Structures are given as C-alpha cells and as structure tokens.
Protein chains: 2
Amino acid sequence: MPIPHFGQPRYRVIADKLRLRIESGAIPPGALLPAESLLTTEFRASRGTIRQALAVLRETGLVATEHGRGTYANPRPHQSGSDTCSEPETRQREIPADPEIAEIFGVDVGAILIENESVTRWNGAVRTVVRTYRLRRARP
Amino acid sequence: MPIPHFGQPRYRVIADKLRLRIESGAIPPGALLPAESLLTTEFRASRGTIRQALAVLRETGLVATEHGRGTYANPRPHQSGSDTCSEPETRQREIPADPEIAEIFGVDVGAILIENESVTRWNGAVRTVVRTYRLRRARP
DNA sequence: AGAAATTTGTCCGTATGTATC
DNA sequence: AGATACATACGGACAAATTTC
C-alpha cells in the first residue's frame with residue numbers, strides 16, 4: 001500500500017533532514033551515516049525511497065557512498081587553517097599507446113599519445129593523480 | 001524473478017544504446033524518446049530499470065524529462081558550430097598499481113587503486129581520456 | 001469545459017547479486 | 001564462512017501533469 005506524497009515528496013523531506021544533520025555537525029565530516037536498512041525503520045520508508053534521498057545528497061556532493069561499506073558524510077574536507085593543499089605538480093610527455101587505451105582511441109598499439117599528468121598532494125601525501133590522454137594531431 | 005546483472009548492469013547497457021541513438025541522430029535533438037512504457041517492452045526491462053537508464057542520460061544532460069510530456073533528446077546542444085561533443089562516458093574500477101604510479105603514491109606495487117575514467121568524444125572520435133587515480137579508503 | 005487516455009513521478013514490497021567487514 | 005551493507009531488478013499501485021477527444 002503506497003503512502004501518498006502530499007506536497008513535498010517523501011524522499012526530499014528525508015534528504016532535507018539528513019542534510020540538516022550533516023550541516024549541523026550531528027554527523028561530522030567523514031562519519032558514516034546510518035545504514036540504509038536503519039534509515040528505513042527510522043523514517044518508515046522503503047529502501048528505494050531512502051536510496052532516492054541519498055541520491056539527492058550524493059548529487060550535491062554532500063555524501064559519498066561506497067559499495068559494501070556505507071555512506072559517508074561530507075567526503076571533501078573543508079579548508080581549514082593548517083591544512084596545506086599543494087599546487088598540482090604537472091608534467092607532459094609522449095607515450096606509446098598500450099592495447100587498452102589504443103582500443104579506446106581506435107588507433108594502433110604503440111601509437112604516440114600525449115599524456116598530461118597532474119599530482120595533487122594534501123598535507124604532503126598524494127591525494128589524486130589525474131592523467132589526460134589525447135592524440136597528437138594536426139591543428140584544425 | 002530478478003535477472004542477475006553479470007558484468008555491466010542492465011540499466012547502463014540500455015543507457016548506452018539510447019545514447020547511441022541520440023548521438024547517431026536516429027533520435028534528433030528536440031525529439032521525444034519512446035515512452036517509458038514502450039521502452040520496457042522493447043528492452044524487456046522493468047520500468048524502474050528504464051527510469052534508471054534515463055536518469056544516467058539526464059545526469060549527463062543528454063536528455064531532459066518533463067512530467068506528463070515525455071523525455072526529450074539533447075534539448076540544448078550547447079556546442080557551437082557543427083561540432084558535436086558528447087558528454088563524457090565514465091566508469092570506475094579498481095586496478096593494481098603499476099610501478100610508476102605506485103611510486104607516486106608511495107605504496108607497494110600491486111596496491112589497489114580506484115581509477116575513474118572519462119572518455120570524451122568529438123564528432124564521434126575520441127578526443128580525450130581522463131583517468132583519475134586515488135587510494136582506496138583505508139580500513140577504519 | 002470536461003472526461004479519458006497517455007506519460008512521467010512517487011512509493012511500496014520482495015528477491016537476489018556483490019562487496020566489505 | 002558468516003554477517004552486514006550497498007547495488008540491481010522485478011512488479012504493482014496510485015498521484016500528478018499533459019495531451020487528446
């Protein structure tokens with residue numbers, strides 16, 4: 001028996017309540033949200049509705065979900081005093097295409113690609129490595 | 001009787017097929033996609049799965065849906081001239097670190113990294129491949 | 001103007017697969 | 001190996017917006 005949704009959809013109401021908990025600090029950054037199964041009993045909603053609510057928060061980047069682990073609040077640490085985020089260290093080089101990336105580009109294995117690499121550190125530790133590949137090609 | 005989802009989830013497969021129809025021009029910009037009820041019969045999938053596939057295309061801006069009307073293809077080409085730039089096709093996977101990237105992160109070779117890959121096409125041809133690497137969250 | 005048909009939106013319940021602990 | 005947690009998928013029901021007759 002579906003429960004009617006007068007006015008605001010239930011999943012938005014639930015999303016708002018969860019957002020309030022995160023923004024108020026009741027669920028601190030990095031902390032795990034209650035499991036979906038718990039949220040179903042707390043909000044008396046089906047799991048599909050709970051997942052819809054979490055999807056809203058995920059789209060806005062307020063939470064991140066990992067398979068088998070759970071949903072974390074505020075995965076991006078906010079800027080605060082002593083944290084140091086280094087300027088990205090970048091480099092460019094030319095490399096031969098391995099079989100996998102050759103197939104993506106639709107070129108022969110070993111074809112020359114231009115790779116841009118950007119390394120970002122956080123408090124000294126490498127946080128992300130971004131590599132961009134493109135074909136070396138004549139200018140249009 | 002739920003159908004198991006080996007490899008690619010069904011909704012992603014369906015989303016890819018629909019994207020192909022749009023990018024190939026089989027469904028021209030501004031045109032209506034088949035109704036969800038039609039797609040269920042065509043792809044032999046439940047409506048929920050169809051809606052999940054459409055949600056993928058909606059997130060990338062490839063389609064827009066209006067209540068009571070339908071789902072429109074490519075409402076805003078947002079690309080000047082005759083060039084067509086597809087929204088990136090993304091995927092996430094876990095890979096063992098090769099010696100080079102292991103050194104960057106300061107981890108052992110073979111350590112598991114999370115790789116996000118985004119492929120952007122231009123006029124059908126692959127333009128850029130962006131790969132972002134990060135460490136898998138350490139156990140709490 | 002109004003009723004019916006169409007189409008998307010929301011919600012429920014259930015079952016099973018897959019990843020993590 | 002078992003328990004826990006998220007992911008995918010099915011089917012049904014009703015609500016709300018739009019179009020059609």
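Atoms considered below: every heavy atom in the structure, side chains included; atoms not considered: hydrogens, waters and symmetry mates. In the text below, chain A, chain B and the rest are named by the order of the sequence lines, each starting its count at 1. All values derive from a computational prediction rather than experimental measurement.
Each of B:T49, B:L18, B:L38 was scored for a side chain to side chain contact (heavy atoms under 4.5 Å, CB included) with B:F43, with one residue passing: B:L18.
More than 12 heavy-atom neighbours from other residues, nucleotides or ligands sit within 6.0 angstrom of CD on B:E42.
Looking at the side chain of A:R10, the nearest of the listed nucleotides C:dC12, D:dT8, C:dT7 is C:dC12. In this structure, the nucleotide among C:dC21, C:dC12, C:dG9 sitting nearest to the side chain of B:R51 is C:dG9. Looking at the side chain of A:T65, the nearest of the listed nucleotides D:dA7, C:dC21, D:dA9 is D:dA7. Considering only the side chain of A:T49, C:dC12 comes nearest among D:dA7, C:dC12, D:dT19. Of the listed nucleotides (C:dC21, C:dG9, D:dT8), C:dG9 has the atom at the smallest distance from the side chain of B:E36. Residue B:S46 places its side chain closer to D:dC10 than to any other of D:dC10, C:dG13, C:dT8.
As a whole-Å value, the separation of B:R69 CZ from D:dA16 C1' is 14 Å. In this entry the distance linking CZ of B:R12 with C1' of D:dA7 reads 11 Å, nearest Å. Distance CD (A:E66) to P (C:dC21): 8 Å, rounded to an integer number of Å. Rounded to whole Å, the distance from CG on B:L39 to P on C:dT7 is 11 Å. One interatomic measurement links the two molecules: CG of B:L54 to C1' of C:dT8, which rounds to 10 Å at whole-angstrom precision. Look at CD1 on A:I50: it is 14 Å from P on D:dA7, rounded to the nearest Å. Rounding to whole angstrom units, CD of residue B:Q52 and P of C:dG9 are separated by 14 Å. Per the geometry, CZ belonging to A:F43 stands 13 Å off P belonging to C:dC12, to the nearest Å.
In terms of polar N and O atoms assigned as donor or acceptor, the side chain of A:H67 never comes within less than 3.5 Å of the base of C:dT20 in a complementary pairing. With hydrogens and angles ignored, a donor-acceptor pair closer than 3.5 Å exists between the side chain of A:R47 and the base of D:dA7.
Here the closest non-hydrogen pair linking B:P34 and B:I27 is CD-CD1, 4.5 Å.
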Kindly indicate, with the supporting measurements, whether the criterion side chain to side chain donor-acceptor pair (under 3.5 Å) is fulfilled by A:S37 and A:R47. CA-CA 7 Å; A:S37 57; A:R47 202 171 147 226; over 6 Å; no

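Note on A:Y11: a side-chain N or O is less than 4.0 Å away from OP1 or OP2 of C:dT10.
Taking OG1 of A:T65 as the reference point, atom CZ of A:R51 lies at 7.5 Å (rounded to 0.5 Å).
The residue A:G70 sits close only to the backbone: its heavy atoms come under 4.0 Å of sugar-phosphate atoms, none of a base.
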